[in-house]
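Along the sequence shown, the residues carry numbers beginning at 1.
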Amino acid sequence: MPPNDTAEFRGAGVLVLGAPDKRMKVLPAPFVRNGPPDQVAFHRRLLELQSESPLPLASLGHRLSMVEEVEAVGQPSQHRLEKPRPISVSWNSNYGSHGWHRYVGRFPPHVVRALLNHFGADSRSVVCDPFAGSGTTAVECRLLGIPFVGIEICPLSAMMTRAKAAFPSDSKLLLTLAQCFVAHYDAAWKAFVGNRNIAKISHAEVLERKGNQIPPFANVERWFTREALLGTSIAVEFGMQQQGFAREAVLLAISAKMRSIGNVDVDVVRAEYSKTPRRNVNVGKLVARQLMKMAGDISASLATHEGLISSGSDITVHEGSVLDVELGEGSIHHIITSPPYGIEAISYLRTHLLSYRSLVAHLGHDPYDARNKTIGSEYLTDIESDAGRRARERSKAFRAFFEKNPQGDDAKYEQRRAAMMQFCDDMLAVGERMARWLKRGGQVAFVIGNKRLGDEILPMDTIVTELFATCGLAPGDAIRHKLKTNNSNSQVPWQERIIQEESILLFKRTT
């Protein structure tokens with residue numbers, strides 16, 4: 001966008017969007033008006049996509065994303081729930097239940113809502129996210145009354161999606177749960193510690209406590225102080241006594257506060273020891289406050305999305321690999337997803353290492369046990385000798401990139417190269433499954449990034465586009481941009497290998 005157009009867009013105030021026969025006047029959200037110049041074209045395109053929606057204006061106005069005011073409608077539900085300040089320069093991706101748990105690389109909910117509006121998804125549609133992650137697409141579907149089906153291989157992430165999207169229809173359950181938790185916590189602490197000094201109680205004694213459900217694991221004494229381990233043990237015990245949403249809400253609250261509970265270096269994305277152990281950790285207060293916050297978020301979501309929000313029973317989450325889960329042929333209207341961008345997906349697991357170790361009684365297994373089924377895993381141990389064979393047959397861009405001479409005898413490079421080739425084969429398999437699940441005319445929004453391999457950028461956006469086209473998914477717009485969220489700015493150990501470019505690729509099933 002030329003500089004003068006950028007200035008005009010940012011200073012325009014009310015905008016007129018839509019075709020001549022379907023115009024609407026809107027005031028963009030503060031972060032659209034105040035945001036940095038490199039976001040302007042992206043924001044503008046997301047607003048334009050929504051104006052192309054097949055939904056009637058009366059319905060669309062209440063659902064609009066990134067908009068503060070709509071003529072004759074008022075403030076859309078998202079704006080009322082998010083409550084951005086007039087001076088905001090970036091969106092807040094933590095409105096409602098979106099903010100219940102930290103998750104690295106989270107898909108911005110504003111983008112999801114804009115895409116749902118563009119597709120015209122409503123209560124008669126079924127939307128799928130085959131890489132559900134922390135549940136961003138699921139939450140947006142719940143808020144807008146759209147039935148949702150998700151697939152997620154990581155048990156903690158699947159739990160996040162269920163809890164964040166299938167919350168109850170009022171906040172009473174969480175308020176009562178918070179009160180009962182405090183009572184249980186205080187009684188259990190007193191019963192175990194009594195008049196003893198907590199500093200004199202060993203980690204082994206805590207793990208042997210009657211009612212404890214945290215198994216021993218390596219270096220537990222480095223990850224938790226005695227008081228933090230005991231507090232976590234009591235909190236998990238209470239959570240495991242609950243059923244359904246109540247259980248997962250408590251366990252999610254524990255996991256959400258884990259970086260404030262454990263001896264974790266908060267300046268690093270992956271779980272690493274902090275040089276200075278945490279002192280005076282009160283797990284009871286941390287978890288109780290989180291449950292109260294969650295209750296408030298439910299009340300706010302129900303109030304701002306009244307008339308739109310649906311029942312939690314409309315949310316379905318399958319725990320497993322997208323390559324193993326079977327959905328009905330033609331059962332899905334639209335797909336919105338942000339899959340792994342290549343390898344390093346397992347690093348997301350390491351970010352939540354202490355949660356997996358503490359919640360194993362509920363999660364059921366260590367996700368590292370399934371890493372060879374995790375698309376994008378950096379620790380594939382059984383890469384087939386013909387990795388990339390199917391992608392090579394279908395994609396010209398794949399052949400052009402991978403048929404170049406390998407970089408000498410660098411074993412590490414060759415391992416990464418083979419893993420990326422396997423990833424492309426996996427993307428083809430995903431495309432075939434999505435085409436089978438979609439109804440004819442169904443649409444896909446696929447967010448993918450181009451990663452660096454050696455000294456070159458792998459054009460994953462072009463490869464995916466070519467692969468999906470052979471599956472009957474006709475390519476549409478490709479919106480290239482570096483998506484920005486308000487996640488932690490912590491240093492990423494694999495910084496030199498992260499995303500170089502990012503695209504939202506749109507497709508439609510044509511056959």
Side-chain angles (χ1 to χ4, degrees), residues 97-98 100-107 128-139 148-166 214-215 217 236 239 247-259 262 264 269-271 315-325 327 335-381 419 422-423 426-427 429-430 433 447-449 485 487-488 492-494:
S97 60
H98 287 300
W100 285 5
H101 200 291
R102 179 179 182 273
Y103 199 81
V104 177
R106 185 153 47 93
F107 198 10
C128 175
D129 185 344
F131 299 93
S134 65
T136 301
T137 302
V139 172
F148 171 84
V149 176
I151 303 171
E152 176 54 47
I153 192 171
C154 296
L156 179 65
S157 300
M159 185 182 80
M160 288 184 202
T161 297
R162 287 191 297 267
K164 289 167 61 176
I214 301 176
F217 60 89
V236 172
R247 173 187 287 191
E248 297 205 320
V250 173
L251 300 182
L252 183 72
I254 297 169
S255 181
K257 307 311 295 185
M258 193 57 71
R259 289 173 75 87
V264 180
V269 171
R270 295 182 183 180
I315 305 297
T316 302
V317 181
H318 298 279
E319 188 174 318
S321 168
V322 63
L323 300 183
D324 292 336
V325 174
L327 302 181
I335 295 173
I336 299 178
T337 193
S338 179
Y341 287 0
I343 50 181
E344 275 86 56
I346 205 76
S347 298
Y348 288 85
L349 306 183
R350 288 205 295 272
T351 302
H352 306 297
L353 174 66
L354 289 188
S355 292
Y356 285 115
R357 297 292 180 256
S358 301
L359 306 182
V360 67
H362 175 71
L363 300 180
H365 71 276
D366 189 324
Y368 286 88
D369 295 339
R371 63 189 184 186
N372 273 325
K373 285 195 170 187
T374 302
I375 292 176
S377 170
E378 64 187 291
Y379 293 124
L380 292 176
T381 57
Q422 179 63 54
F423 178 76
D426 289 339
M427 288 296 99
V430 169
R433 297 175 81 80
V447 181
I448 195 71
T485 69
N487 282 325
S488 167
V492 181
W494 59 99

How far apart are the C-alpha atoms of Phe131 and Val430, what are their side-chain angles, what is the distance that settles it, and do they pass the side-chain contact (heavy atoms from CB on, under 4.5 Å) test? CA-CA 10 Å; Phe131 299 93; Val430 169; 3.9 Å; yes
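Ser358 has its side chain out of reach of Ile254: every pair of non-hydrogen atoms, C-beta onward, lies at least 4.5 Å apart. Using a 4.5 Å heavy-atom cutoff, the side chains of His362 and Val236 are not in contact. For the pair Tyr103 and His352, the minimum side-chain heavy-atom distance is below 4.5 Å. When side chains are defined from C-beta on, Ile336 counts as touching Phe107, because their heavy atoms get closer than 4.5 Å. Contact of the Leu156 side chain with the Leu363 side chain is registered, since non-hydrogen atoms from C-beta on lie closer than 4.5 Å. Residues Glu152 and Arg162 have side chains not in contact (no heavy-atom distance under 4.5 Å, counting atoms from C-beta outward). Side-chain atoms of Arg357 and Ile214, non-hydrogen and from C-beta on, never get closer than 4.5 Å to each other.
When every heavy atom of Met258 is checked against every heavy atom of Leu354, the shortest pair comes out as CG-CB, 3.6 Å. In this structure, Gly239 and Leu251 approach most closely via the heavy-atom pair CA-CD2, 4.2 Å. Shortest non-hydrogen contact noted between Pro130 and Val322 is CB-CG2, 3.6 Å. Nearest approach of Ala138 to Ala165, heavy atoms of both residues: CB-CB, 3.7 Å. Between Ile151 and Gly320 the shortest heavy-atom distance is CG2-O, 3.4 Å. Leu359 approaches Met159 most closely through the heavy-atom pair CD1-CE, 4.2 Å.
For His101 and Ser255, the side-chain atoms include at least one donor-acceptor pair closer than 3.5 Å.
Checked by atom type and distance alone, the side chain of Lys164 pairs as donor or acceptor with a backbone atom of Ser134 at under 3.5 Å. Judged by distance alone, with hydrogens and angles left aside, the side-chain atoms of Thr161 form a donor-acceptor pair with the main-chain N or O of Gly133 at under 3.5 Å.
Between Asp324 atom CG and Ile153 atom CD1 the span is 7.5 Å, to the nearest 0.5 Å.
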